[in-house]
Each structure stands twice: as structure tokens, then as C-alpha cells.
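These numbers were taken from a predicted model, which means no experiment stands behind them. Excluded from the calculations below are hydrogen atoms, water molecules and symmetry mates; all remaining heavy atoms, backbone and side chain alike, are included. Indexing begins at 1, ligand by ligand and atom by atom, following the structure's order.
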Amino acid sequence: MNPLQEEIIALKKAKNAVILAHNYQSREIQEVADYVGDSLGLSYQARDARADMILFCGVHFMAETAKIVNPNTKVVLPDLNAGCSLADSCDAPSLAAMKARNPNTYVVAYINCTAEVKAISDVICTSGNALKIVQRIPKEKDILFVPDQNLGEWVQEQTGRPMKMWQGNCYVHIEFTHNSITRIRREYPDAPVVAHPESSRAVRMLADEVCSTEKMVHYCRDNPAEAFIIVTESGMLHRLRRELPHKTFIPGPTERCACADCRYMKMNTLEKVLEALETGEPELVMPQDLQQKALAPIERMLDWSRN
Ligand code: 13P
Ligand code: SF4
């Protein structure tokens, strides 16, 4: 631990704060967190947190979700500008208009969307539970999946359930290409390829496993291989190397480099974490009625996902 990390840990205790961090955060931030995980695990942790403050090291829609499921706890995000290209791709007025034109539509919203979009959706899903959620939807409903087209197509392939797709994508994951992954596969022929479902179909087809970031840890732990090619944001490699230090993790390259950094996730720094703990700012605040409207589809997800 460096001195900054030690200061954060001491202050976290003094302030009765809990630090939740997504798998894409820097190694230094993961090391000071009370919990590191995927969007689903973080939602449960946020809901069950008993603290005076949740310091959320992730992006804006994740901190919003934490506030919605735990409205009485103060939620702080080190940088409020930490957005997401998927959340940006889907605006609530356009979605509302589409719903109005198609009244039999059942909207499944990937958690990577704004609270306004969640509030007019029927159920939320994450990459960790999307298959389970879609399988529970009444057969007579027409499903619209928002906002990630690639994740939606993967769910459709796996469940056989036809769905209309919103045309959003993750700007990090679409940088992986059939060429770039084929090249690395040739270099490490014995290493299974593990890809996030936000990747394109051409990349998913080359993967031995397609799963959420949390499931990547389980897959690599249970698989006897010693080396794995990891096709997702670079922070995931820190989590895997910490959990499974005896195994080797090779970053899946894009066409240009092996540096798949999400610029939003990387807006959080140790310095900002310390300042947020000291000041309790910037706080995530949301209108109460929006919070309440967005809660129902999230609760449905948490409920369906448990059973
Ligand atoms: P996970 O829920 O699999 O961690 O994915 C979140 C995300 O933002 C992927 O880009
Ligand atoms: Fe959004 Fe992609 Fe960043 Fe995940 S990696 S937060 S989907 S922009």
C-alpha cells in the first residue's frame, strides 16, 4: 500500500464509508475497496450497505443505481463526469416515443443506461443475468432490448427469443476486431479466449467463453488452462491477476494497441477518492420521483436474478 492508499483506508473507517469498485477500476483503487465486482454484484452490495456513505468507484449509471436501491445512504462518485457511451446512446424521450408507437413492447434495459431510461423500462438486466431475465418475460410480449445492440444480439442467440435492438454500443468493446483477436489467438494457441458480450458478434464467435466480468473470474479459476486471453476493458486484468496470481492473463488487443481503457472508468483516481472521502462531495443527487420510478424495474431484476 502506498501512503495515499493508507490515508484512504484510515479515513474510510473514520467516516464510516464503504468503497465499492467496479472491476475496471485501477489496481490502486481496487486495493482500497471493500468490494470489487461487476454491475450485478455491485447493485446487491449497494442495496445491502450499512454505512454513512457509499463511495462508488465506477461510472455515473452505477452510482445512480446504488442511490436508487439504497435511497437513505449518501452516494458519492469521485468524478460526476464519469459517463458511459451506452448510457449516452439512449435518451428517455426517444424511448418513450418508441414505446407509445408499440404498446405491446416489453422494454429490457441493460443497466448501462440513465435513471430516466430505467424509469420507463419494464425490467433491468446486467451482462451477468441477462439470459435469466429474458427467459422470464411473458411469451406474448414483444421485447425491445436497450441500449446495447451487441449484448442484445448475444442474448437473442443464447435464448432464441427474438428481440428488437436499440442501436447503442460500448466504444471500448467495439474496438476489438475479428483480425486483432485472430492474431493473438495464433500467438497463444493454448490460451482460451474470454470475451465480454458487449463485443461484436465477429469477436464473440472466436471466444471460448462469453460472460460478465465477474463470471470471467470464475471461468478462469475453474478452467485448467494456465493462460487466458481477456477481451474486455483493461482494469479486468488487475482483478484477475490479484485473484489468480499463479495464472497468466493476456490483454485482448484492438487493431491499434493492447490498451482497452474506458476513459470514463479511468476518470476515478486515488487523489479524487481521497478528496471525495474528505469532503463528502461530489454527491449523487436525484429527484425522489425519478428514484422511485426507476426502483421497480431494478427490484424486478434483483428478484428474478435470485430465483
Ligand atoms: P459487467 O457488469 O460485466 O461488469 O459490465 C459492465 C460494463 O460496463 C462493461 O463494459
Ligand atoms: Fe460504458 Fe463501455 Fe465504459 Fe463499460 S467500458 S462503462 S460500457 S463505455
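Residues Asp38 and Thr213 bring no donor and acceptor atom of their side chains to less than 3.5 Å of each other.
For His22, the heavy-atom gap to ligand 1 drops under 4.0 angstrom. Using a 4.0 angstrom heavy-atom cutoff, Cys170 does not count as in contact with ligand 1. At least one heavy atom of His173 sits closer than 4.0 Å to an atom of ligand 1. Not a single heavy atom of Glu233 sits under 4.0 Å from any atom of ligand 1.
Every atom of ligand 1 is numbered from 1 in the order shown, and the set under 4.0 Å from a heavy atom of Asp38 is 1 (P), 2 (O), 4 (O). Heavy-atom proximity to Asn112, at under 4.0 Å, picks out these atoms of ligand 1: 7 (C), 8 (O).
Distances from atom 4 (O) of ligand 1 to the heavy atoms of Thr232, Leu40, Thr213 put Thr213 nearest.
Considering only non-hydrogen protein atoms, atom 10 (O) of ligand 1 sits nearest to Glu198 OE1, 2.8 Å. Of all protein heavy atoms, the one closest to atom 2 (O) of ligand 1 is Ser39 OG, 2.8 Å. Of all protein heavy atoms, the one closest to atom 5 (O) of ligand 1 is His196 NE2, 3.3 Å.
Remark: Glu275 CD is loosely packed, at most 12 non-hydrogen atoms of other residues, nucleotides or ligands lying under 6.0 Å away. Remark: Met205 CE is loosely packed, at most 12 non-hydrogen atoms of other residues, nucleotides or ligands lying under 6.0 Å away. When the shell of 6.0 Å around CD of Glu226 is examined, it contains 12 or fewer heavy atoms from other residues, nucleotides or ligands.
Considering both main-chain and side-chain atoms, Asn23 never comes within under 3.5 Å of ligand 1 through any nitrogen or oxygen pair. Not one N or O of Ser212 is nearer than 3.5 Å to an N or O of ligand 1, by distance alone.
The structure places CD1 of Ile137 at 9.0 Å from OG1 of Thr159, a figure rounded to the nearest 0.5 Å. Interatomic distance, CD1 of Ile174 versus CD of Gln149, reported as 10.0 Å (0.5 Å rounding). The CH2 atom of Trp166 sits 5.0 Å away from the CG atom of Leu95 when rounded to the nearest 0.5 Å.
Cation-pi geometry between Arg306 and Tyr44 is met: under 6.0 angstrom from the ring centre, within 45 degrees of the axis.
If you look at Ile111 next to ligand 1, there are no close heavy atoms at all, none under 4.0 Å.
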*Do Leu240 and Met236 pass the side chain to side chain contact (heavy atoms under 4.5 Å, CB included) test, and can you show the C-alpha distance, the side-chain angles, and the key distance before you say yes or no?*
CA-CA 6 Å; Leu240 287 164; Met236 191 61 214; 3.9 Å; yes

*asked:* Does Asp261 form a side chain to side chain contact (heavy atoms under 4.5 Å, CB included) with Tyr24? I'd like the steps, not just the answer.
replied: CA-CA 8 Å; Asp261 282 329; Tyr24 294 164; over 6 Å; no

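No side-chain donor-acceptor contact under 3.5 Å links Glu153 to the backbone of Asn150.
Distances shorter than 2.8 Å separate atom 2 (Fe) of ligand 2 from the protein N/O/S atoms Cys170 SG.
Legend: salt bridge (charged side-chain N to carboxylate O under 4.0 Å, His left out) pairs involving residues 68-92, not counting sequence neighbours, sorted by first then second residue: Asp79-Lys272.
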